[in-house]
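Below you'll find the structure, written out as structure tokens, and then a few comments.
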Number of protein chains: 2
Amino acid sequence: MAVTLRDVARAAGVSPATASRALSAPDLVAPERRELVQRVARELGYRPNRAARELITGRSGHLCLVVPDLENPFFSAVAKAVQARARGAGHAVVVADAEEDPLLEAELVAQLGAQADGVLLCSPRMSAEDLADVAAGDRPVLLVNREGAGLPSVVVDNGDGVRQAVRHLRALGHRRVAYAGGPAGSWSDARRRDGLATAGVDVEVVDLGAHAPVFAGGVAAADLALASGATAVLAHNDLVALGVLDRLRTRGVRVPDDVSVVGFDDAPVATLVTPALTTVAVPLARLGRTAVDLLLAPRDDAAPRTVLPVELVVRGSTAPPPDRRPDLVEPR
Amino acid sequence: MAVTLRDVARAAGVSPATASRALSAPDLVAPERRELVQRVARELGYRPNRAARELITGRSGHLCLVVPDLENPFFSAVAKAVQARARGAGHAVVVADAEEDPLLEAELVAQLGAQADGVLLCSPRMSAEDLADVAAGDRPVLLVNREGAGLPSVVVDNGDGVRQAVRHLRALGHRRVAYAGGPAGSWSDARRRDGLATAGVDVEVVDLGAHAPVFAGGVAAADLALASGATAVLAHNDLVALGVLDRLRTRGVRVPDDVSVVGFDDAPVATLVTPALTTVAVPLARLGRTAVDLLLAPRDDAAPRTVLPVELVVRGSTAPPPDRRPDLVEPR
DNA sequence: TTGAAAGCGCTAACAG
DNA sequence: CTGTTAGCGCTTTCAA
């Protein structure tokens with residue numbers, strides 16, 4: 001059997017209450033007894049029983065993180081940061097993968113969130129109604145990469161991101177840009193479309209429709225992009241951009257000579273390919289850290305809506321369009 | 001306040017004991033009362049308090065998964081599978097990222113593992129001694145991608161993997177292959193070196209030394225590989241292989257025309273690049289699922305040591321070496 | 001088959 | 001500042 005607080009108290013010659021206080025609220029105990037208890041606890045290898053503590057305090061020491069897909073580098077980056085920050089704050093993290101399924105997502109939140117000190121909902125795919133239901137619970141919930149239901153949130157400036165991307169392409173001389181959008185219900189995708197509509201530069205944007213936020217989605221989008229006559233493709237995220245890149249290459253289209261490609265997120269994969277991806281860098285680690293800080297902070301005022309800045313990173317996948325490069329040997 | 005078992009019992013007109021049994025051990029309750037209680041519980045939205053249950057049963061309903069780096073696609077793939085399988089078995093998963101740090105790893109296992117129903121240690125970097133300490137605890141521990149300390153384990157056939165890779169290269173005509181190894185303490189890396197030594201084919205293997213199991217490690221290894229005069233590089237994993245690919249390209253070396261590259265794992269990134277990576281496919285999801293099954297299975301016999309098969313997947317990054325391709329326009 | 005009662009390990013009043 | 005007491009929500013003897 002494990003060492004209990006009673007064992008420590010007995011060995012230190014104090015009552016269980018004093019032992020408890022010496023470890024959990026040191027200020028309430030006389031210095032010498034406090035240190036005695038702490039020393040004894042250490043020597044005995046005492047580890048508080050979380051279940052017992054939770055039963056009375058109502059706090060489990062667990063945070064719950066729900067993501068649509070752990071294998072997506074965006075989410076694994078956030079998960080890593082969340083996990084690290086939570087550990088620093090004395091919390092363990094229960095991670096749940098919703099498999100891009102809105103229903104499973106809602107169920108996971110209900111199940112796992114119930115016994116957690118707080119829930120981090122990352123890019124939730126669930127409907128606004130389900131989100132409102134989630135928000136109605138008593139435990140704190142924080143949205144990452146989505147806003148809504150009056151819940152506190154951390155997002156990035158999606159509109160500014162696409163604006164930076166489009167301006168970059170316009171500066172290179174592109175006048176017709178295709179947008180390979182993300183999944184239908186994606187909140188961030190909607191924000192990016194808004195940004196596109198208000199980019200304020202003389203660029204025609206062709207909407208390629210919704211695509212799964214993965215490599216295969218990009219492959220499908222590439223053909224549409226080519227058919228659209230656009231000279232540049234802005235992808236929902238880096239994975240999609242990579243799919244575009246791959247398909248273009250398969251079809252004999254050179255990047256960036258013939259077509260430019262821009263990603264979003266700056267996930268680690270962005271620099272794993274050639275040409276390296278020009279992309280809108282999202283502060284992934286900061287997103288995760290901020291989420292934990294906000295979730296754990298005392299909720300004094302109204303639900304805070306935090307917006308983190310993004311920054312275009314120009315790499316090898318963007319260049320002037322063919323018609324702007326008369327120096328090319330074979331312009332077509 | 002949440003709905004408690006007492007509430008359910010009262011509403012159903014039975015004692016708390018009966019209500020408890022109706023939900024946790026249905027066989028012990030008369031059919032009609034059982035169904036009454038279950039219906040009332042459902043209607044009231046009753047959710048058992050895990051802490052209270054754990055306090056008495058000793059089971060938390062949590063598994064603990066410790067990985068060296070959540071952002072490494074190998075581990076995120078395993079984590080995803082573990083999480084899915086655990087959910088199916090009614091368990092939540094606490095995920096911890098040890099940041100490739102053996103000390104932090106040991107600490108995490110001690111902290112988080114203590115109150116979990118079982119611990120999944122994936123590719124642990126810790127010393128054999130620390131591993132033995134971990135094994136000495138009372139809760140079940142299962143090793144993934146490592147064997148040792150008399151603990152049950154699930155691994156893949158590393159030796160067979162490198163053997164398949166080397167035979168493939170030999171068949172293409174390569175006679176000098178460089179091995180870009182993984183981190184110094186890596187168990188799987190040691191197994192692969194063993195496999196290399198006993199590949200049983202007429203191939204000279206050049207050891208490039210230890211490298212971080214990430215992109216940057218491969219970049220460093222590429223220069224060594226070039227200097228070694230090898231015509232093919234076998235990398236510790238796909239990330240390293242991608243680093244090799246990138247550096248070779250930067251230095252003007254064509255893959256696979258001048259040098260062939262083989263990865264290990266077949267992580268999703270393997271098909272995201274051009275040329276797509278020839279690699280030893282590891283059944284990542286199966287690894288995770290098997291780990292959960294074994295951890296949760298009643299430990300009847302001695303610690304099982306499961307070995308999963310691997311399979312070489314030939315893609316575009318391997319081809320005959322230059323001297324075997326006299327048809328090339330520019331052999332050098 | 002059911003209920004009463006005890007208690008898991010810990011913390012939070014409440015006195016002293 | 002410290003000890004006594006009670007009890008968190010649940011399961012599990014033990015009797016009935």
Side-chain angles (χ1 to χ4, degrees), chain A residues 1-38 40-42 44-62 90-92 111 114-117 138-139, chain B residues 1-38 40-42 44-62 90-92 111 114-117 138-139:
Chain A
M1 210 52 206
V3 180
T4 115
L5 189 59
R6 281 185 103 86
D7 300 330
V8 175
R10 204 164 338 182
V14 299
S15 77
T18 300
S20 172
R21 285 189 280 249
L23 298 169
S24 302
D27 307 338
L28 304 180
V29 178
E32 56 183 73
R33 306 194 109 173
R34 178 203 315 159
E35 273 152 41
L36 171 65
V37 172
Q38 290 176 348
V40 170
R42 209 175 317 120
L44 262 46
Y46 168 73
R47 287 193 177 276
N49 182 317
R50 280 199 154 169
R53 181 174 287 176
E54 176 182 357
L55 196 51
I56 184 150
T57 62
R59 274 166 296 118
S60 64
H62 289 275
H91 286 261
Q111 269 188 24
Q115 324 259 331
D117 294 347
D138 42 359
R139 72 215 157 287
Chain B
M1 210 53 204
V3 180
T4 117
L5 189 60
R6 280 186 105 87
D7 300 331
V8 175
R10 203 163 338 181
V14 300
S15 76
T18 300
S20 171
R21 285 188 278 250
L23 298 170
S24 302
D27 307 338
L28 303 180
V29 178
E32 56 184 73
R33 304 194 112 175
R34 179 204 313 160
E35 273 152 44
L36 171 65
V37 172
Q38 290 175 348
V40 169
R42 208 175 319 118
L44 262 45
Y46 168 72
R47 287 192 177 276
N49 182 317
R50 280 198 154 167
R53 181 175 286 176
E54 176 182 356
L55 196 51
I56 185 153
T57 64
R59 275 167 295 117
S60 63
H62 289 275
H91 286 262
Q111 270 187 26
Q115 324 260 331
D117 294 346
D138 42 359
R139 73 215 156 288

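Chain identifiers are assigned alphabetically (A, B, ...) following the order of the sequence lines, protein sequences preceding nucleic acid strands; residue numbering begins at 1 within each chain. Side chains are part of it too, since the values below use all heavy atoms of this structure and drop only hydrogens, waters and symmetry mates. Note that the structure is a prediction, hence the values are computed from the model and not measured.
Look at CG on B:Leu28: it is 14 Å from C1' on C:dG3, rounded to the nearest Å. Regarding B:Leu36, its CG atom lies at a distance of 17 Å from the P atom of C:dT1, rounded to whole Å. Look at CD on B:Glu54: it is 14 Å from C1' on D:dC8, rounded to the nearest Å. Note: CG (B:Leu23) to C1' (D:dC10) measures 11 Å, nearest angstrom. At whole-Å resolution of the value, CZ in A:Arg50 and C1' in C:dC8 are 18 Å apart. Nucleotide C:dG9 holds its P atom 16 Å from the CG atom of B:Asn49, rounded to whole Å. Nucleotide C:dT1 holds its P atom 14 Å from the CD atom of B:Glu35, rounded to whole Å. Here D:dG7 presents its C1' atom at 9 Å from CG of A:Leu55, a figure rounded to the nearest Å.
Side-chain atoms of B:Gln38 and B:Leu23, non-hydrogen and from C-beta on, do get closer than 4.5 Å to each other. Between A:Val14 and A:Val29 there is no side-chain heavy-atom pair separated by less than 4.5 Å. Side-chain contact between B:Ser60 and A:Arg50 is absent, with no heavy-atom pair separated by less than 4.5 Å. Residues B:Arg47 and A:Gln111 form a side-chain contact, since some pair of their non-hydrogen atoms from C-beta on lies under 4.5 Å apart. Taking the side chain as every heavy atom from C-beta outward, B:Glu54 and A:Glu54 never approach each other to under 4.5 Å. Counting only heavy atoms from C-beta outward, the side chains of B:Thr4 and B:Asn49 never approach each other to under 4.5 Å.
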- request: Summarise how protein sits on nucleotides 11-16 of chain D as a single string, 5' to 3': B when a protein heavy atom is under 4.0 Å from the base, S for sugar-phosphate-only contact, - for no contact.
  value: BBB---
